[in-house]
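Worksheet: one structure, shown below.
Just so you know, residue 1 is the first one in the sequence shown, and it goes up from there. Worth knowing before you read on, the calculation uses all heavy atoms, side chains too, and leaves out hydrogens, waters and symmetry mates.
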Amino acid sequence: MTAILMNGSELAARVRAQVAEEVRELGHVALATVLVGDDPASEVYVGYKHKDCGEVGIESIDHRLPDGASEEQVLTLVRELNVDENVDGFIVQSPVPAQISEPRVMEAIDPIKDVDGFSPVNVGRLWLGREGHISATPLGIMEMLRAYDVELEGADAVIVGRSEIVGKPMAALLLRANATVTFCHTRTRDMPERTRRADLLVAAAGRAGLITQEMVKPGATVIDVGITRTPEGLVGDVDKGVAEVAGLLTPVPGGVGPMTRAMLLTNTVRAARVRRGLLAFD
Ligand code: NAD
C-alpha cells in the first residue's frame with residue numbers, strides 16, 4: 001500500500017476540542033433534532049448527534065413525531081423551533097416519510113438555525129460565495145484537505161455523484177478554492193477516462209467498490225464518502241486496490257464520517273455566534 005490514510009477520527013477529535021472551548025466561551029449552545037418516523041438508520045444518526053453534543057457541552061433537544069405525522073405537524077414544529085430562544089440550531093433528519101415534502105420543510109427553516117445548510121437560502125449563499133451554513137460532509141472534507149495540505153488551486157477535481165447534500169455543495173467549495181471541477185453521475189459516458197485525470201477524486205455515489213485502481217491517477221487524493229452496510233461491516237465507494245495507487249486516501253470507517261459529525265457541531269456554534277451578533281451572515 002502506498003497511500004497515506006487521512007485520519008478523520010483524529011481530526012474530528014481536534015475539531016470537537018475546539019468546539020468545546022467555544023461552547024465554554026459562549027456559555028450555552030443548544031441543538032435540536034427532529035426525527036419523523038422510526039427509520040432505524042435515522043435513529044442511529046440522531047443518536048450520534050446527541051452523543052456528540054454531550055461530548056462538547058452543547059445542549060441537545062430530541063423532538064420526535066410519529067411515522068404518520070402530517071406535513072403541517074412538521075411545519076408547525078419547525079416554526080416553533082425557529083422562534084425558540086433556547087435553540088441555536090436544529091436539523092430535520094432526512095429522509096422524512098413520503099407524505100411530507102422535504103423541500104417545503106427545508107424552506108421553512110430559519111436560515112440562521114439551518115445548521116445542515118440544506119435550506120435554499122443557505123444553498124444560494126454557498127454558490128454566491130457568501131457567508132452561511134454549509135452541508136457538513138463537504139465542509140468536513142475541505143477541513144481534511146486543508147489539514148493534509150492538499151493543493152487545490154488549479155487542481156483537477158472530479159466528483160462522482162451530484163446529490164444536493166454531498167456532490168453539489170462539494171463542487172461549490174472546490175470551485176471557491178480554484179479547482180477545476182467535473183461531475184460524474186449515472187449518465188456519464190466513460191467515467192474512468194474522467195476519473196483518471198483527477199488530482200482529487202471525491203467518490204459519493206453510494207455504490208460499494210465503484211472506484212477501482214485503474215480509475216485513479218497515481219498519487220491522486222481520493223476521498224471516499226460512500227457508506228454501504230455489508231455483513232462484513234461498512235464499506236465505501238472505493239475499492240481496496242486503490243490504496244496501491246492513491247497518494248492520500250480516506251478510510252471507511254474513520255474518514256469522512258467522523259468529520260461530518262464534527263462539522264454539525266461547528267455549524268451549531270456558528271449559529272450561536274450569529275444569534276449573539278458575534279458573526280454576520282450576509
Ligand atoms: P444520493 O443517492 O443522493 O446520490 C448519489 C449520486 O451518485 C447520484 O447523483 C447518482 O447520479 C450518483 N451515482 C450513483 N451511482 C453511480 C454510478 N454507478 N456511477 C456514477 N454515479 C453514480 O447519495 P448521497 O446522499 O449523496 O450519498 C452518497 C453516499 O455517501 C451514500 O453511500 C451515503 O450513505 C454516503 N454519505 C456519507 C456521509 C458521511 O458522512 N460519510 C455523508 C453523506 C452521505
Begin from the C-alpha positions of Leu234 and Arg229 and carry the test side chain to side chain contact (heavy atoms under 4.5 Å, CB included) through to its verdict.
-> CA-CA 5 Å; Leu234 296 185; Arg229 276 162 221 284; 3.5 Å; yes
Do Val235 and Met215 sit in the same hydrophobic cluster, where Ile, Leu, Val, Met, Phe, Trp and Tyr count as joined when their side-chain heavy atoms come under 4.5 Å apart?
-> no
Return the minimal non-hydrogen interatomic distance between Ile211 and Ala203, and the atom names on each side.
-> CG1-CB, 3.8 Å
Evaluate side chain to side chain contact (heavy atoms under 4.5 Å, CB included) for Val269 paired with Val56, printing each intermediate quantity in order.
-> CA-CA 11 Å; Val269 166; Val56 297; over 6 Å; no
Find out if a path of hydrophobic residues (ILVMFWY) with successive side-chain heavy-atom gaps under 4.5 Å connects Leu11 to Val252.
-> no
Got a second to check how far Ile165's CD1 is from Ser94's OG, nearest 0.5 Å?
-> 6.5 Å
Between Ser119 (side chain) and Ile109 (backbone), is there a donor-acceptor pair under 3.5 Å?
-> no
Measure from the side-chain N and O atoms of Ser101 to the backbone N and O of Arg104, and report whether any donor-acceptor pair falls under 3.5 Å.
-> yes
Looking at side-chain heavy atoms only, is the closest gap between Leu35 and Glu43 below 4.5 Å?
-> yes
Which atom of Val166 lies closest to which atom of Ser163, heavy atoms considered | N-OG, 3.0 Å
Within a strict 4.5 Å, meaning less than it, do heavy atoms of the Leu81 and Ile61 side chains meet?
-> no
Leu173 side chain reached by Leu126 side chain, heavy atoms, under 4.5 Å | yes
Any idea which heavy atoms bring Pro66 and Val36 closest together, and the distance?
-> O-CG1, 3.6 Å
So how far is it from Asp67 CG to Asp39 CG, rounded to the nearest 0.5 Å?
-> 9.0 Å
Test item: Asn267 side-chain N/O and Ile134 main-chain N/O as donor-acceptor pair under 3.5 Å | yes
Verify side chain to side chain donor-acceptor pair (under 3.5 Å) between Asn122 and Arg125, making sure each step is shown before the conclusion.
-> CA-CA 5 Å; Asn122 280 317; Arg125 283 174 175 155; 3.3 Å; yes
First locate atom CG of Leu264, then atom CG of Leu139, and finally report the distance between them rounded to the nearest 0.5 Å.
-> 10.5 Å
Passing candidate, salt bridge (Lys or Arg N to Asp or Glu O under 4.0 Å) with Glu22, options Arg270, Arg273, Arg276, Arg16 | Arg273
Evaluate the side chain to side chain contact (heavy atoms under 4.5 Å, CB included) criterion for residues Met259 and Thr250: first the C-alpha distance (whole Å), next the side-chain angles of each, then the deciding distance (0.1 Å), finally the verdict.
-> CA-CA 11 Å; Met259 283 303 285; Thr250 61; over 6 Å; no
Here the gap from Glu131 atom CD to Leu279 atom CG, rounded to the nearest 0.5 Å, amounts to 5.5 Å
Check Gln93, Arg64, His50 against Thr33 for a side chain to side chain donor-acceptor pair (under 3.5 Å) and give me the one that passes.
-> His50
Is any side-chain heavy atom of Val150 closer than 4.5 Å to a side-chain heavy atom of Leu248?
-> yes
Looking only at atom types and distance, does a side-chain atom of Asn178 sit under 3.5 Å from a main-chain N or O of Gly154, one as donor and one as acceptor?
-> no
Quick check: does any side chain N or O of Glu143 sit under 3.5 Å from a backbone N or O of Ala12, one acting as donor and the other as acceptor?
-> no
Ion pair present between Asp84 and Lys113, side-chain N to carboxylate O less than 4.0 angstrom?
-> no
Nearest heavy-atom pair of Ala272 and Leu26: which atoms, and what distance?
-> CB-CD1, 4.1 Å
Tyr148 side-chain N/O to Asn7 backbone N/O, donor-acceptor pair under 3.5 Å | yes
Is the Lys NZ or Arg CZ of Arg162 less than 6.0 Å from the centre of Phe183's six-membered ring, within 45° of the axis?
-> no
Look at atom OH of Tyr48 and say whether more than 12 heavy atoms of other residues, nucleotides or ligands are closer to it than 6.0 Å.
-> no
Honestly curious: do Val46 and Leu65 fall in one hydrophobic cluster under the side-chain, below-4.5 Å linking rule?
-> no
If Ile, Leu, Val, Met, Phe, Trp and Tyr residues are connected whenever their side-chain heavy atoms lie under 4.5 Å apart, and connections chain through other members, are Val19 and Val87 in the same group?
-> yes
Please report the shortest heavy-atom distance between Ala30 and Thr268, naming the atom on each side.
-> O-CG2, 4.1 Å
hydrophobic_cluster_shared for Val123 and Ile112, side chain cutoff 4.5 Å = no
Could you tell me whether Arg197 and Glu193 make a salt bridge, using a distance below 4.0 angstrom between a side-chain N and a carboxylate O?
-> yes
Check whether any side-chain N or O of Gln73 sits under 3.5 Å from a backbone N or O of Ser70 as a donor-acceptor pair, and report yes or no.
-> yes
Do the side chain of Asn82 and the main chain of Ala108 share a donor and acceptor less than 3.5 angstrom apart?
-> yes
Could you grab the distance from atom CE of Met170 to atom CD1 of Ile223, nearest 0.5 Å is fine?
-> 7.5 Å
Is any side-chain heavy atom of Leu200 less than 4.5 Å from a side-chain heavy atom of Leu152?
-> yes
Does Pro192 reach the side chain of Asp190, with side-chain heavy atoms less than 4.5 Å apart?
-> yes
For the side chain of Asp199 and the backbone of Asp156, is there at least one donor-acceptor N/O pair under 3.5 Å apart?
-> yes
Donor-acceptor contact below 3.5 Å, side chain Arg261 vs main chain Ala136 = no
Shortest non-hydrogen contact from Leu174 toward Ala157 = CD1-CB, 3.9 Å
List the steps and the verdict of side chain to side chain contact (heavy atoms under 4.5 Å, CB included) for Asp224 and Val256.
-> CA-CA 7 Å; Asp224 193 354; Val256 175; 5.8 Å; no
Calculate, to the nearest 0.5 Å, the distance between atoms CG and NZ belonging to Leu201 and Lys217 respectively.
-> 11.0 Å
